[in-house]
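Report on the structure given below.
Sequence lines set the chain letters: A, B, ... in the order given, protein chains first and strands last, and positions in each chain run from 1.
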Amino acid sequence: MEQHPKSLEAYHLLHNGTLALARAEQNGIRVDMEYVENKLTHMTRQMARKQKQFEESKFYKDWKASQDKEPNTNSPVQLQNFLYNVKGLKPPKLTGTGKGSTDKESLTALNIPELNTHLETKKLKKIRDYLEGFRREQVDGWLHTFFNLHLVISYRSSSDRPNLQNIPKRDKLAKNITRKALYPRLGHQLLEADFSGLEVCIACAYHKDPVMLKYINTGYDMHGDMAKQIFLLDDFDNHKPEHDYLRAATKNGFVFPEFYGDYFGNCAEYLAVQWGELPKGNWTYDQGVMVDGDRTLAKHMIGKGIHSYKMFEEHLKAIEKDFWGKRFKQYARWKERHWHQYQKVGYVDLLTGFRCTGVMTRNDAINYPVQGAAFHCLLWSFIELDRYLQTHNFKSRLIGQVHDSMILDVHPKELDKLTAIITKITTIDLPKFWDWINVPLNVDFEVCGVDKSWADAKKLSI
DNA sequence: GGAACTCGCCAC
DNA sequence: AAACGTGGCGAGTTCC
């Protein structure tokens, strides 16, 4: 894959972006080293207890007896061999290279109680690894994470030493333990400003699909519409927690995967098994998550005439056909045109003046321009904000970026002014600078209390 | 003894 | 017709 910025404008974006990101690297983020040391000690003890419990089990003793050395519980190869060769179990799932998988989903499916203890240890280890990374990379209690603009195939950024772009957020325990280590300057507070649905918005600039434009312009709930269709909820109401749960499932298990190039087969598995807690075969009334307090998803779906996984898959196949064939027809046509263009010329151009050249799959060719240009919206905003903070002598500083969000270390007295200027840059100045942006952009803010850690982030309503 | 590969899992 | 995009990182394993 050969890459190069095609235009002078693209070159300037990278040049100015590098300078602005270098200032963020230099500013850094504070680490509470006392907390990190204490937590590491505590977690190490906790893990040793769990590990001991696992090693005393019959499962572990059988494993040990089956090979000539002490089992290494960190080794997927050894576990793979014991489960699928020695014990002869049928792998619930295969890895990319076609061997029996030992990931969380597979081990859970095997239904062996001892493996749950093992999974708990692995989860704790994963969390501990973040803290160890902070400890290793910090200098006098400060992290100066690198933000790279030259490594990603789509012209996005990456981050390393340590990677500040993959600190846990969804899992509550992991989020709290890791983010409680990270602090702003004394007397300051952390602020995150993120574009809402940026990639979906930027895709619009390429495909210009009228239905999608209407969804975004009117603020009408696309994911709610899809949840209603997939789970046959005539009375869909996102104020009901159960319906909101299925809406989130739809968004993450159907709409976004379809945008990235996935198909109904994988989506069906994800929605029914992972989210819905329904089995692969025929369904009975008492299976699955609750839908309206008094009935299960299976009971609800059976009532609508779908009484097996197979039927659900067929149902989803029809919905996919409708999704691309009717609902987002122009989006689908752009994908085809764009793919054919790539096959003819051997490259894809981004709306921000960059070009990706080389061998690509269909999904690659479709995804790169959206992913890259979306990040460039963030980068442009980052540069503008950085310049503004410099020229106006703000005490607040930009300290990082996570693809569609900016992270700031803020002086409390500057908070209101900052949210105002960020809103102006991202929603007014940016669409003015790149006039190909054809939908309104929005930013959301999350803010932590003064002298509070990153784990304290809460939605800011303005 | 290090490079390259594999697996698994965190983020967007 | 085919079937999820981009990274970083820990670790085990294999190859040279």
Side-chain angles (χ1 to χ4, degrees), chain A residues 1 3 69 71-81 93-107 118-119 122-134 136-137 145-171 173-175 177-179 192 194-200 202-203 252-270 316-317 320 324 335-336 339 348 356 360-372 374-375 378 400-405 407:
Chain A
M1 169 73 62
Q3 291 167 277
K69 57 183 176 186
N72 184 335
T73 52
N74 284 326
S75 166
V77 176
Q78 290 179 31
L79 184 55
Q80 216 168 56
N81 183 54
K93 207 172 76 171
L94 299 180
T95 68
T97 54
K99 284 171 269 187
S101 170
T102 59
D103 67 3
K104 189 179 175 201
E105 192 193 328
S106 305
L107 297 189
H118 172 59
L119 284 170
K122 286 218 305 183
K123 182 180 168 183
L124 291 174
K125 184 184 177 312
K126 175 84 178 165
I127 299 171
R128 193 183 64 175
D129 284 345
Y130 281 94
L131 298 184
E132 286 187 333
F134 296 162
R136 189 185 63 244
E137 300 298 343
T145 298
F146 291 88
F147 293 101
N148 313 296
L149 290 178
H150 62 294
L151 295 178
V152 181
I153 209 156
S154 61
Y155 291 100
R156 244 198 193 178
S157 68
S158 73
S159 160
D160 58 21
R161 297 178 60 185
N163 183 353
L164 204 78
Q165 294 179 325
N166 73 344
I167 312 293
K169 190 167 194 179
R170 289 159 204 164
D171 182 88
L173 179 77
K175 172 193 157 178
I177 293 178
T178 55
R179 294 188 181 230
E192 285 184 80
D194 67 299
F195 282 102
S196 44
L198 185 59
E199 285 197 14
V200 173
I202 294 314
N252 296 310
F254 182 80
V255 178
F256 284 147
E258 286 284 343
F259 287 164
Y260 286 135
D262 205 355
Y263 85 117
F264 69 88
N266 288 337
C267 296
E269 164 138 18
Y270 191 80
L316 216 55
K317 184 178 178 178
E320 181 185 78
W324 291 115
K335 293 203 293 187
E336 279 321 303
W339 171 231
V348 295
C356 301
M360 294 176 214
T361 66
R362 184 177 187 275
N363 285 340
D364 291 340
I366 292 164
N367 285 322
Y368 293 168
V370 176
Q371 187 182 96
F375 170 67
L378 185 278
Q401 146 285 124
V402 192
H403 308 305
D404 65 356
S405 74
I407 306 165

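Side-chain contact annotation: A/Gln165 with A/Ser157, donor-acceptor N/O pair under 3.5 Å present. A/Ser101 and A/Asp103 form a side-chain donor-acceptor contact under 3.5 Å, judged by distance and modelled atom types alone.
Among the protein residues, A/Ser405 comes within range of no part of the nucleic acid, since none of its heavy atoms lies under 4.0 Å from any strand. Counting any heavy atom pair closer than 4.0 Å across all strands shown, A/Pro168 reaches sugar-phosphate atoms only and no base atom.
The number of heavy atoms from other shown groups lying within 6.0 Å of NZ (A/Lys104) does not exceed 12.
In this structure, A/Phe264 atom CZ and C/dA3 atom C1' are separated by 9 Å, rounded to whole Å. A straight line from CH2 of A/Trp339 to P of C/dA3 spans 12 Å, rounded to a whole angstrom. A straight line from CD of A/Gln401 to P of B/dA11 spans 17 Å, rounded to a whole angstrom. The interatomic distance linking A/Lys335 (NZ) with C/dA3 (P) rounds to 15 Å, in whole Å. The distance from atom CD of A/Glu105 to atom C1' of B/dC10 is 17 Å, rounded to the nearest whole Å.
Taking CG from A/Leu107 and CG from A/Leu119, the interatomic distance works out to 5.0 Å, rounded to the nearest 0.5 Å.
Listed nucleotides: B/dC7, C/dC4, C/dG5. Nearest to the side chain of A/Asp364: C/dG5. For A/Asp129, taking side-chain heavy atoms from C-beta onward, the closest of the listed nucleotides B/dA11, B/dG8, C/dA11 is C/dA11. Considering only side-chain atoms of A/Arg136, the nucleotide from C/dC4, B/dG8, C/dG10 that sits closest is C/dG10. Comparing atom distances between the A/Tyr263 side chain and each of B/dG8, C/dA3, C/dG7 picks out C/dA3 as nearest.
With both ends at atom C1', the span from B/dC9 to C/dC4 equals 16 Å, rounded to whole Å.
Side-chain nitrogen and oxygen atoms of A/Lys125 include at least one within less than 4.0 Å of the OP1 or OP2 phosphate oxygen of C/dA11. For the pair A/Arg362 and C/dA3, the criterion of a side-chain N or O lying under 4.0 Å from OP1 or OP2 is not met.
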Please list, pair by pair, any protein nitrogen or oxygen found under 3.5 Å from a nitrogen or oxygen in nucleotides 13-16 of chain C.
residue	atom	partner	partner atom	Å
C/dT13	OP1	A/Ser75	OG	2.9
C/dT13	OP1	A/Gln78	NE2	2.8

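Annotation: side chain of A/Tyr270 is not in contact with side chain of A/Pro257 (no heavy-atom distance under 4.5 Å).
Residues A/Asn166 and A/Glu132 both approach DNA chain C. Their nearest nucleotides, taken by heavy-atom distance, put A/Asn166 toward the 5′ side.
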